[in-house]
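None of the values given here were measured: they were computed from a predicted structure. One-based numbering, in listed order, for ligands and for the atoms of each.
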Amino acid sequence: MSEPLFVRFWGTRGSIPTPGHKTRRFGGNTSCVEIRVGDIELICDGGTGLRELGLDLLARGRPKLEAHFFFSHMHWDHFQGFPFFVPAYGPESELFVYETQAGDERVQKLLHGQMSSEYFPVEFGDLGARITARHFEQSTLELGSIRVRCLEQRHPGRSFAYSFELGGKKIVYATDSELDLLLENREESLANLDAVRRLPRELLAFVDGADLLIADGQYTDAEYPKKLGWGHARANTVADLAQQAGVKQCAVFHHDPMHSDELVDQKIQSACERLDRQGGKLLLFGAREGLELKF
Ligand SMILES: [Zn+2]
Ligand SMILES: [Zn+2]
């Protein structure tokens with residue numbers, strides 16, 4: 001049997017942090033998901049949830065931290081937590097930051113940029129950790145026995161999904177993607193909300209059979225027509241993607257900052273009812289800060 005793999009949600013909110021009593025259950029921190037296998041620490045996005053993850057990593061008391069960062073893209077809500085990631089200040093930490101294409105330096109440049117003195121008191125170059133850039137080769141890389149792949153998504157300024165495979169287990173992190181722009185029956189899907197939304201084959205192959213799909217499902221069907229082109233998907237479209245790709249569990253992620261816990265509940269309930277009507281067997285739920293899953 002292979003080593004257990006843990007997934008923990010440190011930030012599930014989209015766009016901007018939303019602290020307060022209305023978002024207590026699903027959480028107000030922006031995107032950050034930890035994937036852990038033995039001593040290997042993979043971090044998907046560094047939104048404000050990254051701050052708490054950093055503190056928790058220190059509390060675990062490992063003498064040396066090695067962490068691998070996979071940023072979906074560099075909108076504020078996905079890397080704003082990085083300057084508050086305390087392990088980045090310690091010389092005993094070794095951090096790897098991945099760029100999706102050879103020769104690309106976008107992630108590095110923006111991590112530097114947000115710590116320039118106009119925005120932040122400490123410069124990136126003053127961080128104590130060893131921080132190294134690494135690149136995907138033809139959208140794939142091997143990290144020990146973990147195979148990581150990336151896929152470009154539809155989002156303003158573009159974004160990337162990542163799939164992590166190890167010992168027959170597969171986790172897909174796919175946030176900030178306007179799935180509804182990719183639909184093969186897009187017009188029909190807007191006119192008839194009950195019509196099954198057909199996702200493109202390349203995306204279905206990427207997500208195929210995932211034990212867990214974490215996907216941007218920011219909007220309800222009613223909200224989406226007012227947000228066309230903003231780069232986010234309807235939660236019901238995520239349900240159709242999960243169903244068509246044979247996913248086992250699906251965490252709807254990147255909750256809208258305008259959504260209270262009750263509204264997120266309603267959005268998830270609608271997606272679950274849709275799956276029931278389609279005869280779906282998968283488990284779909286709202287990603288919630290603090291939730292840890294074991295695979
Ligand atoms: Zn976002
Ligand atoms: Zn974005």
Side-chain angles (χ1 to χ4, degrees), residues 7-19 23 26-35 42-53 69-85 97-101 104 106-111 113-114 119 150-163 171-182 203 206-207 213-220 223-224 226-235 237-238 241 250-260 263-264 267-268 286-289 291:
V7 177
R8 188 173 175 117
F9 295 97
W10 292 93
T12 64
R13 189 66 49 175
S15 310
I16 190 166
T18 55
T23 56
F26 289 98
N29 279 306
T30 56
S31 303
C32 183
V33 175
E34 174 192 12
I35 301 174
L42 311 174
I43 300 174
C44 295
D45 279 333
T48 60
L50 180 63
R51 190 186 72 88
E52 289 265 5
L53 168 55
F69 280 88
F70 298 89
F71 290 96
S72 60
H73 65 315
M74 301 302 273
H75 284 163
W76 286 121
D77 51 323
H78 297 263
F79 79 120
Q80 203 172 19
F82 192 83
F84 298 90
F85 182 63
V97 174
Y98 291 84
E99 307 270 2
T100 49
Q101 282 166 340
D104 200 351
R106 214 155 60 122
V107 173
Q108 287 278 315
K109 276 189 180 150
L110 290 163
L111 285 174
Q114 81 163 338
Y119 300 123
C150 65
L151 179 74
E152 189 170 338
Q153 306 182 116
R154 278 292 281 276
H155 192 67
R158 77 183 188 164
S159 66
F160 286 85
Y162 296 100
S163 112
I171 311 293
V172 176
Y173 178 75
T175 194
D176 292 61
S177 175
E178 192 164 345
L179 295 176
D180 298 280
L181 290 180
L182 304 175
L203 177 62
F206 186 83
V207 176
L213 166 66
I214 302 164
D216 169 357
Q218 183 158 340
Y219 303 133
T220 64
E223 289 163 336
Y224 178 66
K226 286 172 244 138
K227 321 270 178 166
L228 290 177
W230 290 20
H232 304 289
R234 293 178 284 186
T237 307
V238 171
L241 166 62
C250 176
V252 175
F253 190 73
H254 207 272
H255 303 305
D256 194 278
M258 300 299 281
H259 286 181
S260 63
L263 287 175
V264 176
K267 179 179 79 172
I268 299 303
R288 183 168 54 74
E289 201 173 306
L291 175 68

* Quick check: does His75 put an N/O/S atom under 2.8 Å from the Zn ion (ligand 2)? -> yes
* Contact check: Asp176 to the Zn ion (ligand 2), N/O/S below 2.8 Å -> yes
* To do: Go through the side-chain N and O atoms of Tyr173 and Asp45 and say whether any donor and acceptor fall under 3.5 Å apart.
  => yes
* To do: Output the atom name for the N/O/S atom of Asp77 with the smallest distance to the Zn ion (ligand 1).
  => OD2
* Distance-only polar pair, side chains of Gln153 and Ser159, donor-acceptor under 3.5 Å -> yes
* Less than 4.0 Å between a side-chain N and a carboxylate O, is that true for Arg158 and Asp104? -> yes
* **Nearest heavy-atom neighbours spanning Tyr98 and Val107** => O-CG2, 4.1 Å
* May I ask you to check whether His73 brings an N, O or S atom to under 2.8 Å from the Zn ion (ligand 1)? => no
* Is there an N/O/S atom in Asp216 at a distance below 2.8 Å from the Zn ion (ligand 1)? -> no
* For the residue pair Glu178 and Tyr224, confirm or rule out a side-chain donor-acceptor distance under 3.5 Å. => yes
* N/O/S atom of His254 under 2.8 Å from the Zn ion (ligand 1), yes or no? -> yes
